[in-house]
Amino acid sequence: MTDQPVHIRPEIAILPAYKQGRQAAADAFKLSSNENPFPPLPGVIEAVQAQTAYNRYPDATALAVRAVLANRFGLTVDEVHVAPGSVAILHELAKATSGPGDEIVYAWRSFEAYPGVVTVAGATSVQVPNRADGGHDLDAMAAAVTERTRMVIVCTPNNPTGPIVTGTEFDDFMAGVPSTVLVVLDEAYAEFVTDPDAVRGASLLERYPNLVVLRTFSKAYGLAGLRVGYALGPAYVLDAVRACAIPLSVTAQGQAAALASLEREAELLARVAELAALRDRIVAELRGQGWDVPDAQGNFVWLPTGERTAAAAEAFEHAGIIVRAFAPEGIRISIGEHEAVEKLLETARSLVGGLTTTADARPIR
Ligand SMILES: Cc1ncc(COP(=O)(O)O)c(C=O)c1O
């Protein structure tokens, strides 16, 4: 069909849809979407199955989940917002703060949804290259803030490269950003962080009135398929976010799963500790092979495969491991099933000689 009479915003017409990590064949490991290899926590499936009023709308305010989270973080329910995934909240925040002529600053490379979030809001992306070690260059990000900036996104640990922002780095950064600019601290992988120096956003909300913290049930809690994420921040900002939200989009099943998961903290921490330990082992072994792996604090590791990224991704696929390739920079591999580890390490070993000691290796950006 060539005739396209309907007007589409030009920036949207050229915007690619969000590209999901590849699905894996039945005998392959899907390590391309930073999902949790564990099923939901005990009791969660039962709680979901008990929600059978499919003919009724869910609670549009997700009040029960917000009440538990508010209690946990010492906030009021209005200082908590629940949405169908934290990616939905990113869209809501961008729409609430920014429009044509406004700028949103974020590190690059970072979470691949950020550029689309900004464009859909009608605003302009200002991407600040990461440091050579894969971490945010927060000085450069603060310097990129202008009178047009409405929002800055800080992703810690950074997806896909892995390093965290430290508490000290974050405080220094906030000192350089006007309080009229909203700072969004995207902590989608917070539960996996073991570095004691890492920033912890929830404890800083009182200090910074322009801070919103994003968390999700998709990663550590293993509920990616049920779509529940949340924001913590000032009530008036989250009221604006709620006004931008698509109503009724957090299902009753998602809310029940989130509530049941929040009651299973001990099991959650045990699983998270197991995945973090596996991550640390994989990083140590990859570094032992000669890979220049940045500090990994999420549930994924980054291999700087440079110009050979597509070929390296193909080699992993051939070995039965689906990874996420970001050509021409590198590959992100999620920490998944124990059974995938030997294949992963074996394939990485077969690739390392041709990549890290040649001009193919690029700085991590
Ligand atoms: C940094 C980051 N933020 C947010 C999200 C969105 O997660 P969800 O919408 O499932 O809560 C992801 C998912 O991969 C992510 O990596």
Side-chain angles (χ1 to χ4, degrees), residues 17-23 30-37 40 62 65 69 80-94 104 106-118 120 127 130 134-136 151-165 183-193 198-199 201 212-233 241 245-246 249-251 253-255 257-258 261-262 275 279 294 296-302 322-326 330-336:
Y18 178 80
K19 203 162 160 267
Q20 188 174 23
R22 288 256 321 277
Q23 297 298 328
K30 182 178 179 233
L31 304 184
S32 55
S33 295
N34 292 348
E35 293 157 336
N36 196 318
V65 182
L69 291 170
V80 181
H81 170 57
V82 171
S86 52
V87 72
I89 309 178
L90 283 162
H91 277 282
E92 293 159 2
L93 284 162
I104 298 181
Y106 53 91
W108 200 250
R109 184 168 280 280
S110 192
F111 179 33
E112 57 270 33
Y114 295 157
V117 161
V118 176
V120 169
Q127 299 184 337
N130 286 322
H136 282 18
M151 183 165 125
V152 182
I153 309 172
V154 175
C155 185
T156 177
N158 187 48
N159 172 16
T161 54
I164 46 117
V165 167
V183 175
V184 178
L185 192 62
D186 186 343
E187 294 189 321
Y189 303 94
E191 294 84 354
F192 298 105
V193 173
V199 63
V212 164
V213 176
L214 295 188
R215 303 281 294 266
T216 182
F217 287 94
S218 297
K219 308 297 180 182
Y221 289 88
L223 295 181
L226 278 168
R227 313 302 305 126
V228 191
Y230 60 97
L232 311 172
V241 159
I246 295 172
S249 47
V250 185
T251 63
Q253 292 72 27
Q255 295 181 37
S261 299
L262 286 167
L275 290 169
R279 170 198 70 202
Q297 287 285 303
N299 64 341
F300 52 89
V301 296
W302 174 256
I322 310 299
V323 298
R324 184 76 76 101
F326 297 101
I331 281 175
R332 188 194 68 200
I333 310 176
S334 309
I335 305 303

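Position 1 is the first residue of the sequence, and the numbers go up from there. Basis for what follows: all heavy atoms, side chains included, without hydrogens, waters or symmetry-related copies. Whatever order the structure lists ligands and atoms in, that order sets their numbers, starting from 1.
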If you measure from [atom1] on [X] to [atom2] on [Y], what distance do you get to the nearest 0.5 Å?
X      : Y      : atom1 : atom2 : value
Ile153 : Leu185 : CD1   : CG    : 11.0 Å
Arg332 : Glu112 : CZ    : CD    : 5.5 Å
Arg227 : Ser86  : CZ    : OG    : 7.5 Å
Gln297 : Asn158 : CD    : CG    : 12.5 Å

Practice task
Using heavy-atom distances, let me know which of Arg227, Lys219, Arg324 sits nearest atom 13 (C) of ligand 1.
Solution key: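 The residue whose heavy atom sits nearest atom 13 (C) of ligand 1 is Lys219.
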Problem - Asp186 near ligand 1 by a heavy-atom separation under 4.0 Å - result: yes
Can you tell which part of [X] has a heavy atom less than 4.0 Å from ligand 1: side chain, backbone, both or neither?
X      : value
Val87  : both
Tyr189 : side chain
Ser86  : both

Report, in ascending order of atom number, the atoms of ligand 1 lying under 4.0 Å from any heavy atom of [X].
X      : result
Ser218 : 8 (P), 10 (O), 11 (O)
Gly85  : 8 (P), 9 (O), 11 (O)
Cys155 : 1 (C)

Practice task
Report yes if some N/O of Ser33 lies less than 3.5 Å from some N/O of ligand 1; otherwise report no.
Solution key: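 Checking ligand 1 against Ser33, no N or O pair falls under 3.5 Å apart.
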Practice task
Identify the protein heavy atom lying closest to atom 12 (C) of ligand 1, giving its residue, its atom name and the separation to 0.1 Å.
Solution key: Phe111 CZ, 3.4 Å
Problem - Sole residue of Trp108, Tyr18, Tyr106 in ring pair (Phe, Tyr, Trp, His ring centres under 6.0 Å) with Tyr114 - result: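 Single pass found, and it is Tyr106.
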Problem - Residue pair Leu69, Val82: steps toward the side-chain contact (heavy atoms from CB on, under 4.5 Å) verdict - result: CA-CA 10 Å; Leu69 291 170; Val82 171; 4.3 Å; yes
Handout entry: 4.5 Å side-chain heavy-atom contact, Arg324 and Phe300
Key =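 A side-chain contact is absent here, since even the closest heavy-atom pair is not under 4.5 Å.
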